Amino acid sequence: MNTGLETQFPTSHSPFPTPHSPLLVLLIATSNKGKVIELASLLEGLNCRVIGLEDLSQVPPPVEETGTTFIENALIKADYYHAITGLLTLADDSGLEVDALDGRPGVYSARYGGEGLSSADQIALLLEEMKDVPEEKRTARFVCGIALVGPKRETAIRRTFEGRCEGRIAFAPHGAGGFGYDPIFIDAELGRTFAELSREEKSSRSHRGKALRATIKYLETLLKG
């Protein structure tokens with residue numbers, strides 16, 4: 001993928017271990033430092049150095065996410081930032097699919113209702129759309145797609161991983177934790193919203209946690225190889 005930006009965003013990082021840099025460098029395609037720290041903690045113990053977009057010598061402009069699935073959007077971001085930096089790059093996209101709304105908000109979860117709405121506004125809008133939907137038809141799921149793109153010495157890496165968590169939409173928000181739609185998503189097995197779960201419970205159950213564990217398993221194999 002040739003973006004024409006490769007020389008504008010030089011990085012001092014080498015993607016694979018060298019005598020001078022014994023760690024694999026993994027770029028997380030986000031400027032969210034909290035997400036970078038979270039992923040770094042999950043990858044602790046691997047021969048891996050995790051960096052975010054803010055750690056580059058210059059932060060590239062964002063890429064438009066034009067995919068129709070979470071995997072497609074994750075690949076768009078991973079391909080784009082790998083082409084610019086040459087680094088092994090991990091990107092993700094996730095959202096909420098509600099069966100009574102024909103799968104909406106889906107890949108538009110972050111933009112549901114239009115740009116600029118707060119999470120509370122988006123939750124209120126979704127609950128209004130579902131005000132007449134009975135409990136047995138309020139089924140939904142969180143979905144996360146992760147893409148890993150980069151060099152592998154002689155060959156290229158372009159792998160995807162997906163995680164899902166089934167549940168249903170509550171009639172009103174519950175819980176003070178989490179973010180986004182967590183206060184109205186009731187986990188099918190635990191019977192509580194994601195906003196009511198501890199960090200450990202949510203990590204073990206969530207769509208993102210499942211996709212990340214599959215990614216980490218692959219990274220472990222990659223590093224051993």
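Quantities reported herein were computed from a predicted structural model and do not represent experimental measurements. Both backbone and side-chain heavy atoms feed into the values below; hydrogens, waters and symmetry mates do not.
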Any side-chain heavy-atom pair from [X] and [Y] closer than 4.5 angstrom?
| X | Y | value |
| --- | --- | --- |
| K202 | D182 | yes |
| L148 | T89 | no |
| L127 | P173 | yes |
| V143 | S94 | no |
| L75 | R158 | yes |
| I157 | Y218 | yes |
| L197 | R192 | yes |

Closest heavy-atom pair and its distance - G95, S109: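 Smallest heavy-atom distance, with atoms named: CA-OG, 3.3 Å.
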Looking only at atom types and distance, does a side-chain atom of [X] sit under 3.5 Å from a main-chain N or O of [Y], one as donor and one as acceptor?
| X | Y | value |
| --- | --- | --- |
| D79 | I76 | no |
| K77 | D92 | yes |
| T193 | I184 | no |
| Q122 | A110 | yes |
| E201 | S198 | yes |

R164/E162 under salt bridge (charged side-chain N to carboxylate O under 4.0 Å, His left out): CA gap, chis, key distance, verdict: CA-CA 7 Å; R164 293 171 173 260; E162 187 176 78; 3.1 Å; yes
Pairing residues for R213 by the side-chain hydrogen bond (donor to acceptor under 3.5 Å, both in side chains) criterion, not counting sequence neighbours: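 R213: no side-chain hydrogen bond (donor to acceptor under 3.5 Å, both in side chains) contacts found.
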Contacts of T215 that satisfy side-chain hydrogen bond (donor to acceptor under 3.5 Å, both in side chains) - sequence neighbours left out: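 None.
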F171 CZ: over 12 foreign heavy atoms closer than 6.0 Å: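 Correct, the count exceeds 12.
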Other cluster members, I37 - Ile/Leu/Val/Met/Phe/Trp/Tyr, side-chain contacts below 4.5 Å: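 Besides I37, the cluster holds no residue at all.
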Option from R141, R168, R104, R138 for which salt bridge (charged side-chain N to carboxylate O under 4.0 Å, His left out) with D99 holds: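 Among the candidates, only R141 passes.
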Enumerate donor-acceptor pairs with a distance under 3.5 Å from any side-chain N or O in residues 61-71 to protein atoms, sequence neighbours excluded.
unit_1: T68; atom_1: OG1; unit_2: E72; atom_2: OE1; d: 3.1
unit_1: T69; atom_1: OG1; unit_2: E72; atom_2: N; d: 3.1

D93: partners by salt bridge (Lys or Arg N to Asp or Glu O under 4.0 Å), with sequence neighbours left out: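 Salt bridge (Lys or Arg N to Asp or Glu O under 4.0 Å) list for D93, sorted by chain: empty.
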Residues forming a ring-ring contact (aromatic ring centres under 6.0 Å, His included) with F185, sequence neighbours excluded: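 Residues passing ring-ring contact (aromatic ring centres under 6.0 Å, His included) with F185: F142, F194.
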